[in-house]
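So the structure is just underneath, and the comments pick up after that.
A quick note: this is a predicted structure, and the numbers were derived from the prediction, not measured. In what follows, chains are A, B, ... by sequence order, proteins preceding strands, each numbered from 1.
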Amino acid sequence: MNLDARIPSGPIAEKWNRAKFELKLVNPANKRKYSVIVVGSGLAGGAAAATLAELGYNVACFCFQDTPRRAHSIAAQGGINAAKNYQNDGDSIHRLFYDTVKGGDFRAREANVHRLAEVSVDIIDQCTAQGVPFAREYGGTLANRSFGGAQVSRTFYARGQTGQQLLIGVYQALARQIAAGKVTMFNRTEMLDVVTVDGRAAGIVVRDLVTGKIESHSAHAVILATGGYGNVFYLSTNAMGSNVTATYRAYKRGAAFGNPCYTQIHPTCIPVSGDYQSKLTLMSESLRNDGRVWVPKKAEDVAKASKDPGSIPDEDRDYYLERKYPSYGNLSPRDIASRAAKEACDDGRGVGPGGRGVYLDFRDAIKRDSQAKIAEKYGNLFDMYARITGENPYQQPMRIYPAVHYTMGGLWVDYHLQSTIPGMFVLGEANFSDHGANRLGASALMQGLADGYFIISYTLGHYLAGINAATGKVGTDHPEFKRVEADVKGRIDKLMSIGAKGKRTVDSFHKALGHIMWEKCGMARTKEGLTEALKAIPALREEFWQDVKVLGERETFNQSLEKAGRVADFLEFAELMCQDALEREESCGGHFRTEYQEGGEAKRDDERFCHVAAWEYQGEAKKPVRHVEPLTFETVKLATRSYK
Amino acid sequence: MSDMNLTLHIWRQAKGTAAGAMKTYQVKGISEHASFLEMLDVLNEQLQEKGEEPVAFDSDCREGICGMCSLVINGRPHGPDAGTTTCQLHMRRFKNGDEIYIEPFRAGAFPVVRDLCVDRKAFDDIVAAGGYVTANVGSAPDANAVPIPKEQADRAFDAAACIGCGACVAACPNSSAMLFTAAKVAHLAHLPQGQPERLRRVKAMVTAMDAAGFGNCSNHYECEAACPKGISKDYIALMNRDYAKSVFVAKDAKAVSDGAG
Ligand SMILES: Cc1cc2nc3c(=O)[nH]c(=O)nc-3n(C[C@H](O)[C@H](O)[C@H](O)COP(=O)(O)OP(=O)(O)OC[C@H]3O[C@@H](n4cnc5c(N)ncnc54)[C@H](O)[C@@H]3O)c2cc1C
Ligand code: SF4
Ligand code: FES
């Protein structure tokens with residue numbers, strides 16, 4: 001397997017400029033002769049589809065929601081980073097680059113991260129020009145706030161709904177290209193497989209979710225921007241429909257999967273309240289700008305603290321993040337803050353039902369700034385908290401607990417964002433590229449838009465320039481399309497025929513899988529746990545293929561069938577995640593192996609694991625092969641992360 | 001604090017072209033902490049156990065932001081609580097023994113796909129007609145080059161908070177899409193970036209809205225009451241003013257392309 005990352009030569013700060021000059025171009029008049037498939041309409045996919053159409057390419061864009069504007073990016077709350085240094089607080093491209101490499105615990109590619117920091121500044125300009133209403137100061141300039149893992153204020157935001165505002169910007173640009181006839185939009189359409197011809201991506205096979213019909217689409221290149229796979233845990237902060245199907249199917253057709261075990265557990269989510277729970281709600285990291293995290297110092301105080309937190313005097317509270325990480329305090333990176341919360345609860349000091357919660361307390365901020373000030377900054381988050389829990393966070397602290405939030409792992413891509421299948425590019429959360437083993441807050445939106453607005457147009461152009469427009473695209477009547485269509489139909493037939501007799505619902509399998517993953521492949525992983533999971537998952541999968549219940553018909557709008565297909569893929573993919581977690585015998589970022597720690601902190605093993613693990617599929621019931629792309633750090637010195 | 005048993009009357013319709021009807025179901029053991037959609041998840045599990053097809057309904061983020069959820073609950077789009085989407089409604093709002101009527105967002109321009117799911121593509125068509133700023137990637141000036149007073153940016157934001165759910169249409173006796181379209185128009189009309197295309201935009205969007213089959217506004221303002229994001233009916237007045245101007249200046253095509261107003 002070829003894992004050449006195609007990193008341009010030269011000093012780190014000049015690589016992207018050099019690449020932009022060296023990459024081949026498609027002449028403006030020829031662009032209209034090429035067609036591109038974009039799967040996904042979130043920040044990454046929507047931005048790519050609109051931008052490529054602006055350039056003149058013919059784009060077909062797909063999403064499973066009823067309109068592209070509902071992609072999961074819409075739910076992002078807190079903000080988007082950019083190295084504008086509008087605050088004059090010492091920020092720079094180099095500092096954003098440095099923070100991201102360090103935040104990722106030295107498991108990301110330096111060249112990619114530097115490019116991300118470079119284009120971050122253009123993103124804010126582009127979004128503003130589109131009419132994204134970012135927060136502003138009274139003087140009319142843009143406002144910023146701080147996020148975890150940074151000592152500067154570089155996060156741009158639009159109240160608590162930055163994702164929705166950025167996505168509306170993307171959607172407007174996309175809508176303009178739809179009206180111009182340059183983008184054909186396929187809503188409520190799910191990609192179920194990739195077609196390759198002569199080793200290149202040739203198109204996709206999809207199911208129209210309304211009619212249930214299976215159809216093929218071909219193009220000169222295929223872009224996947226299908227988001228993350230956090231829902232393998234069943235409960236996560238992701239939207240209900242987020243899934244792994246597109247990237248997992250691509251993996252089965254030859255795309256390497258990079259670092260599947262890297263999962264981000266977000267420290268501030270509303271705790272689980274019962275077994276009917278369908279998802280977990282994030283309370284934005286921005287709250288840690290003003291909220292202080294604590295549990296009682298003594299386990300004896302837990303009952304009292306759970307009933308009336310205000311009755312615990314300051315000297316009996318353990319503000320453990322401030323205590324353990326004085327220079328970053330409540331704004332320590334996510335992986336560290338999550339583990340610290342788990343430790344406090346494991347120590348018997350967790351508050352609320354089941355003892356799985358810590359307090360995020362705004363008492364001091366309200367005293368300092370007034371309730372009105374706090375409401376102006378976080379009002380909608382406070383309202384959301386009150387609506388879900390029935391408690392008033394202005395009067396008592398929020399109860400929070402870590403939850404699965406983001407997946408740093410994804411399809412392996414080179415510097416061009418191309419997967420190991422030539423002609424198949426992967427953008428946004430779906431790829432593995434820029435965040436290493438831990439993503440810093442407000443960097444996912446930045447990456448999605450960087451990939452979609454500013455990077456893919458160059459690297460895709462380079463690929464297409466090497467392809468003959470007339471002969472480089474095969475028709476959907478090609479036998480390979482027919483073969484993949486037959487595979488897809490076969491899987492659906494199998495699900496329907498088992499489903500008609502099966503007894504156990506899809507959701508119940510999904511919950512059972514989520515339970516295994518959370519217990520064995522969650523915040524703390526061990527060799528024993530992962531080995532057990534690697535037995536339990538295939539057993540559950542076998543039961544699924546014997547006893548899953550899927551009612552209704554195939555050629556209709558059938559939500560059980562949709563879910564069954566997604567859960568079937570999660571049941572295979574989960575095994576790959578556990579395998580990856582087992583073989584990475586170190587702790588780094590969000591991947592914490594209990595065996596590898598020092599003084600309670602993650603202990604990396606740079607000798608053996610300073611690399612990307614890229615997994616290659618070998619066929620049904622065969623162990624995939626783990627390939628390695630070594631990582632070298634020329635600019636940021638490999639060092640133990642410290643936030644103390 | 002005890003669990004609830006409820007009687008649900010739910011609209012069932014196999015597909016867009018089929019006839020539909022209300023059907024009655026009993027659901028048991030619902031926690032007051034569950035959300036309304038989690039209550040329906042429980043019902044669907046119970047139905048499937050009995051071999052009945054689950055009720056189709058839309059949702060994705062379940063956080064009140066994506067605009068996918070779309071139920072009329074006891075006659076009100078998004079249910080009884082002001083400023084709350086269906087997915088954010090919690091069962092503590094109901095009590096043991098309640099009867100609840102659940103229907104889709106109905107409107108001529110929102111055909112039913114199945115059961116409680118509707119097709120809101122008509123909203124996409126309105127935006128595609130002109131609901132954007134023409135600003136290709138690569139052409140943007142520095143973001144701080146044009147200062148925008150905070151109050152003005154806040155007003156633009158208030159309008160941009162629309163989640164495109166369609167509750168305003170479902171609540172309107174005429175199935176008018178005025179509130180949605182006005183929110184979109186007002187978002188861009190409040191920003192300097194939106195000025196060059198301001199009149200062209202409003203004209204194109206209103207024309208697309210009429211073509212999609214939405215009804216006229218006859219000043220009932222049920223839309224504002226149903227809107228989960230507090231979009232103000234005042235935007236409708238702004239849109240009407242801009243539209244009148246656009247028709248007036250359209251007679252002088254040059255004025256429109258210069259973006260007068
Ligand atoms: C609650 C929450 C808050 C967040 N807050 C922040 C924040 O403040 N700042 C930040 O930087 N990041 C944040 N994130 C992370 C960030 O929102 C996501 O990582 C990012 O938006 C992903 O964008 P994307 O374009 O890659 O994918 P998505 O937005 O997930 O889009 C995926 C697209 O792919 C489509 N799709 C998927 N599978 C298929 C298929 N098989 N067939 C057809 N279409 C398919 C979907 O329909 C959708 O259009 C947050 C995440 C969550 C969950
Ligand atoms: S105006 Fe309100 S009700 Fe109408 S679509 Fe927007 S958010 Fe929904
Ligand atoms: S499901 Fe997203 S707003 Fe309700």
**Message:** Whether the side chain of B:Asp60 engages the backbone of A:Ala239 through a donor-acceptor N/O pair (distance < 3.5 Å, no angle test) should be reported.
**Reply:** no

**Request:** Pick one of side chain, backbone, both or neither for A:Ile168, based on which atoms fall under 4.5 Å of a heavy atom in chain B.
**Result:** side chain

**Asked** Is it the side chain or the backbone of B:His187 that comes within 4.5 Å of chain A heavy atoms, both, or neither?
**Response** side chain

**Item:** Heavy-atom pair of closest approach, residues B:Arg114 and A:Thr556
**Value:** NH1-OG1, 3.9 Å

**Message:** Nearest 0.5 Å, please: how far is CG in A:Leu551 from NZ in B:Lys50?
**Reply:** 12.5 Å

**Prompt:** Distance from A:Arg70 atom CZ to B:Ser59 atom OG, nearest 0.5 Å?
**Reply:** 11.5 Å

**Asked** What do the steps show when you test A:Arg159 against B:Asp158 for salt bridge (charged side-chain N to carboxylate O under 4.0 Å, His left out), and what is the final call?
**Response** CA-CA 10 Å; A:Arg159 279 184 219 164; B:Asp158 288 341; 3.0 Å; yes

**Request:** Go through the atoms of B:Gln152 and report whether side chain, backbone, both or neither lie under 4.5 Å from a heavy atom of chain A.
**Result:** neither

**Message:** Is A:Leu280 close to chain B through its backbone or its side chain, or both, or neither, when contacts mean heavy atoms under 4.5 Å?
**Reply:** backbone

**Per-residue contact mode, A:Ser560 against chain B (heavy atom under 4.5 angstrom)** = side chain

**Residue, of A:Gln130, A:Arg504, A:Lys279, A:Lys503, that accumulates the most heavy atom pairs under 4.5 Å with chain B** = A:Lys279

**Message:** So for B:Asp125, is it side chain, backbone, both, or neither that comes closer than 4.5 Å to the heavy atoms of chain A?
**Reply:** neither

**Fill in**
Honestly, the part of A:Thr281 sitting under 4.5 Å from a heavy atom of chain B is both

**Asked** How far does OG1 of A:Thr67 sit from CE of B:Met68, to the nearest 0.5 angstrom?
**Response** 9.0 Å

**Asked** Can any side-chain N or O of A:Gln161 pair as donor or acceptor with the backbone N or O of B:Ala161 at less than 3.5 Å?
**Response** no

**Prompt:** Do A:Gln559 and B:Cys117 have side chains that get closer than 4.5 Å, going by heavy atoms?
**Reply:** yes

**Max heavy-atom pair count under 4.5 Å with chain B, selected residue of A:Ala143, A:Ser278, A:Gly131, A:Ala179** = A:Ser278

**Max heavy-atom pair count under 4.5 Å with chain B, selected residue of A:Gly390, A:Ala173, A:Ser273, A:Cys127** = A:Gly390

**Item:** Which atoms of B:Ala14 approach chain A - backbone, side chain, both or neither, heavy atom under 4.5 Å
**Value:** neither

**Prompt:** At what distance, to the nearest 0.5 angstrom, does CZ of B:Phe110 lie from CG of A:Asp66?
**Reply:** 9.5 Å

**Asked** Any donor and acceptor pair, going by atom type alone, linking the side chain of A:Arg69 with main-chain N or O of B:Ile163 inside 3.5 Å?
**Response** yes

**Request:** With a 4.5 angstrom heavy-atom cut-off, could you sort out which part of B:Asp41 is near chain A: side chain, backbone, both or neither?
**Result:** side chain

**Message:** Heavy-atom cut-off 4.5 Å, strictly under: side chain, backbone, both or neither for B:Arg92 against chain A?
**Reply:** side chain

**Asked** Between B:Ile148 and chain A, which part of the residue has a heavy atom less than 4.5 Å away: side chain, backbone, both or neither?
**Response** both

**Prompt:** Checking A:Gln126 against chain B: side chain, backbone, both or neither under 4.5 Å from a heavy atom?
**Reply:** both

**Request:** Would you sort out whether B:Leu188 and A:Gln172 count as a side chain to side chain contact (heavy atoms under 4.5 Å, CB included), showing the intermediate values?
**Result:** CA-CA 11 Å; B:Leu188 297 175; A:Gln172 289 173 181; 4.3 Å; yes

**Prompt:** Looking at side-chain heavy atoms only, is the closest gap between B:Lys150 and A:Glu137 below 4.5 Å?
**Reply:** no

**Prompt:** Given a strict heavy-atom distance threshold of 4.5 Å, which part of A:Tyr171 is in contact with chain B: side chain, backbone, both, or neither?
**Reply:** side chain

**Asked** So which of A:Tyr276, A:Phe454, A:Phe557 has the largest heavy-atom pair count under 4.5 angstrom toward chain B?
**Response** A:Tyr276

**Asked** Are the charged groups of A:Arg188 and B:Asp58 less than 4.0 angstrom apart, N to O?
**Response** yes

**Message:** Among A:Ser73, A:Gly140, A:Gly163, A:Ala175, which residue has the highest count of heavy-atom pairs closer than 4.5 Å to chain B?
**Reply:** A:Gly140

**Asked** CG/B:Asp81 to CZ/A:Arg387 distance, rounded to the nearest 0.5 angstrom?
**Response** 8.0 Å

**Request:** Nearest 0.5 Å please: distance from the CZ atom of B:Phe157 over to the CZ atom of A:Arg136.
**Result:** 13.5 Å

**Request:** Among A:Gln77, A:Met384, A:His72, single out the residue with the greatest number of heavy-atom pairs under 4.5 Å to chain B.
**Result:** A:Met384

**Request:** With side chain to side chain contact (heavy atoms under 4.5 Å, CB included) as the test, would you mind laying out the steps for A:Leu174 and B:Tyr132 before giving the verdict?
**Result:** CA-CA 9 Å; A:Leu174 185 63; B:Tyr132 47 75; over 6 Å; no

**Prompt:** What part of B:Val127 is in contact with chain A, defined as an atom under 4.5 angstrom from a non-hydrogen atom: side chain, backbone, both or neither?
**Reply:** both

**Request:** Would you sort out whether A:Asn187 and B:Arg120 count as a side-chain hydrogen bond (donor to acceptor under 3.5 Å, both in side chains), showing the intermediate values?
**Result:** CA-CA 11 Å; A:Asn187 300 337; B:Arg120 288 164 285 190; over 6 Å; no

